[in-house]
Amino acid sequence: MYLNKNLIKSDWLDLLSDEFSKDYWKELDTFLESEEIDGKEIYPPKELLFNALNLTSFADTKVVILGQDPYHGDGQAHGLSFSVLPNIALPPSLKNIYKELESDLSIIPPGHGHLESWAKSGVLLLNTVLTVEKSKAGSHRKKGWEKFTDKIIELLNDNKDHLVFILWGSPAQKKGAKIDRTKHLVIESVHPSPLSSYRGFFGTRPFSKANEFLLQKKIKPIDWKV
């Protein structure tokens, strides 16, 4: 067994309990186990696989930033979308996120890419797919993870009020197609990657817009300082 549901240490474990007996979950586990047996290096490390759910409980979630699949470079992925550990060089997309953060809220970018403080402030940094093979972007897509993360979004959409969903790029926007926009705020733009950021990412002010919405709903805003 590769997937250990007991690595989920928050209220998400009970909320997602039905998923662990479904066929797609068993097939995903079999796939990951066979990849491991074949000696393939999988990111993030197993113990960090559900980091996003552990650092941002269902109860504490205020904002969702949806990524695609984890970074596939050595030592980068640690279970939070767009984030890297403190001693790892900043990926290009995160550099652009920091540029927009500075432009939007005058927050000076830090010298690291560790977004754990956002997670602890109520930002669910969720990837659509939670694993990837080293140096092979997208290698674990369509293996079952999408159904699992669809369920996470469904639970949030149906059972919470006044969330902010930040959807960067068309895959994230497709993933968020069923979000109820009568009770949640959805902020959409192109992806912050260097390939697309100048076509409509810069100047969108997602961080201040998220906080303005939360304040309107009498919810404590996010501390976006990293």
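The first residue of the sequence shown is numbered 1, and numbering continues consecutively from there.
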To the closest 0.5 Å, what do you measure between CZ (Phe50) and CG (Leu3)? 5.5 Å
Contacts of type salt bridge (charged side-chain N to carboxylate O under 4.0 Å, His left out), residue Lys22, not counting sequence neighbours: Glu19
I'd like to know if the side chain of Lys183 and the backbone of Asp180 have a donor-acceptor N/O pair within less than 3.5 Å. no
Taking the side chain as every heavy atom from C-beta outward, state whether Leu167 and Val64 have any pair of such atoms under 4.5 Å apart. no
Between Phe148 and Leu156, is there shared hydrophobic-cluster membership here, with clusters defined by ILVMFWY side-chain heavy atoms closer than 4.5 Å? yes
Contacts of Tyr2 meeting ring-ring contact (aromatic ring centres under 6.0 Å, His included) (sequence neighbours excluded), chain-then-number -> none
If the threshold is 4.0 Å, N to carboxylate O, is there a salt bridge linking Glu154 and Lys147? no
Within one Ile-Leu-Val-Met-Phe-Trp-Tyr cluster: Phe202 and Leu105, side-chain cutoff 4.5 Å: yes
From Ser93, Ser189, Ser196, residue fulfilling side chain to side chain contact (heavy atoms under 4.5 Å, CB included) relative to Phe201: Ser189
Answer yes if Val186 and Leu155 sit in the same cluster of Ile, Leu, Val, Met, Phe, Trp and Tyr residues linked by side chain heavy atoms under 4.5 Å apart, and no otherwise. yes
Please check: side-chain N/O of Lys217 versus main-chain N/O of Asp161, any donor-acceptor pairing under 3.5 Å? no
Is the closest basic N to carboxylate O distance between Lys99 and Glu102 below 4.0 Å? no
Okay, side chain of Ser139, backbone of Glu133: is any donor-acceptor separation there less than 3.5 Å? yes
Distance alone, cut at 3.5 Å: any donor-acceptor contact between the side chains of Arg205 and Ser208? yes
Please round to the nearest 0.5 Å and tell me the distance separating atom NZ of Lys9 and atom CG of Leu55. 13.5 Å
Would Tyr198 and Val190 count as a side-chain contact (heavy atoms from CB on, under 4.5 Å) here? Give the steps. CA-CA 9 Å; Tyr198 287 95; Val190 299; over 6 Å; no
Closest approach of Thr131 and Leu49, non-hydrogen atoms and distance? CG2-CD1, 3.3 Å
Residues at least two apart in sequence or cross-chain that pass salt bridge (charged side-chain N to carboxylate O under 4.0 Å, His left out) with Glu100, listed by chain then number, are none
If only atom types and distance count, is the side chain of Arg199 paired as donor or acceptor with the main-chain N or O of Leu195 below 3.5 Å? yes
Within a strict 4.5 Å, meaning less than it, do heavy atoms of the Phe165 and Glu188 side chains meet? no
Phe213 and Leu185 have their tightest heavy-atom pair at CB-CD2, 3.5 Å
Between Asn54 and the options Ile8, Leu48, Leu13, the side chain to side chain contact (heavy atoms under 4.5 Å, CB included) test singles out Ile8
Less than 4.5 Å apart, any side-chain heavy atom of Leu214 and any of Ile222? yes
Examine Ile152 and Leu28 and state if one hydrophobic cluster contains both, with Ile, Leu, Val, Met, Phe, Trp and Tyr joined whenever side-chain heavy atoms are less than 4.5 Å apart. yes
Tell me every residue that passes salt bridge (charged side-chain N to carboxylate O under 4.0 Å, His left out) with Glu33, counting only those two or more places apart in sequence or in another chain. none
Is a donor on one side and an acceptor on the other found under 3.5 Å between the side chain of Ser34 and the backbone of Phe31? yes
More than 12 heavy atoms of other residues, nucleotides or ligands under 6.0 Å from NZ of Lys160: is that the case? yes
Residues at least two apart in sequence or cross-chain that pass ring-ring contact (aromatic ring centres under 6.0 Å, His included) with Tyr24, listed by chain then number, are none
Taking NZ in Lys220 as the centre, count heavy atoms belonging to other residues, nucleotides or ligands within less than 6.0 Å. Is the count above 12? no
Can you find a heavy atom in the side chain of Tyr98 that is under 4.5 Å from one in the side chain of Leu94? yes
Audit row: Lys136, Lys40, side-chain contact (heavy atoms from CB on, under 4.5 Å) steps and yes/no: CA-CA 11 Å; Lys136 292 190 177 180; Lys40 294 178 180 176; 5.6 Å; no
Got a list of side-chain donor-acceptor pairs under 3.5 Å for residues 71-88, not counting sequence neighbours?
unit_1	atom_1	unit_2	atom_2	d
Tyr71	OH	Phe82	O	2.9
Asp74	OD1	Tyr43	OH	3.1
Gln76	OE1	Gly73	N	2.8
His78	NE2	Ser83	OG	2.7
Ser81	OG	Ile65	O	3.2
Ser81	OG	Leu126	N	3.3
Ser83	OG	Gly113	O	3.3
Ser83	OG	Leu115	N	2.9

So how far is it from Gln68 CD to Ser193 OG, rounded to the nearest 0.5 Å? 8.5 Å
Distance-minimising heavy-atom pair for Gly200 and Thr204: O-CG2, 3.1 Å
So Trp145 and Trp25, would you call those rings parallel, tilted or perpendicular, with 30° and 60° as cut-offs? perpendicular
Which residues pass the salt bridge (charged side-chain N to carboxylate O under 4.0 Å, His left out) test with Glu41, sequence neighbours left out? Lys134
Which other residues belong to the hydrophobic cluster containing Ile108, where Ile, Leu, Val, Met, Phe, Trp and Tyr are joined when side-chain heavy atoms lie under 4.5 Å apart, directly or via other members? none
Those residues at least two apart in sequence (or on a different chain) that pass side-chain contact (heavy atoms from CB on, under 4.5 Å) with Ser57 are Ser10, Asp11, Ala59, Asp60
Thr128 meets the side-chain contact (heavy atoms from CB on, under 4.5 Å) criterion, sequence neighbours left out, with Leu66, Glu146, Thr149, Lys175
Considering only distance and modelled atom types, tabulate donor-acceptor pairs under 3.5 Å from the side chains of residues 118-125, sequence neighbours left out.
unit_1	atom_1	unit_2	atom_2	d
Trp118	NE1	Trp224	O	2.9
Lys120	NZ	Glu116	OE2	2.9
Ser121	OG	Asp223	N	3.3

Apply side-chain contact (heavy atoms from CB on, under 4.5 Å) to His162 and Lys218, showing your working. CA-CA 10 Å; His162 313 316; Lys218 298 183 169 48; over 6 Å; no
Does Asp29 use its side chain to pair, donor to acceptor, with the backbone of Met1 at less than 3.5 Å? no
Quick one: are Phe207 and Ile97 in side-chain contact, heavy atoms under 4.5 Å? yes
Between Leu7 and Lys46 the two heavy atoms that sit nearest each other are CD1-O, 3.4 Å
Sidechain-backbone polar pair: His184 side chain, Asn157 backbone, donor-acceptor under 3.5 Å: yes
Less than 4.5 Å apart, side chain to side chain, heavy atoms only: is that true for Val226 and Ile107? no
Between Ile166 and Val164, is the side-chain contact (heavy atoms from CB on, under 4.5 Å) condition met? List the steps. CA-CA 6 Å; Ile166 297 177; Val164 180; 4.1 Å; yes
Non-hydrogen atoms of Val129 and Arg141 that approach each other most closely: CG2-CG, 4.0 Å
Residues passing the ring-ring contact (aromatic ring centres under 6.0 Å, His included) test with Trp12, sequence neighbours excluded, are Phe58
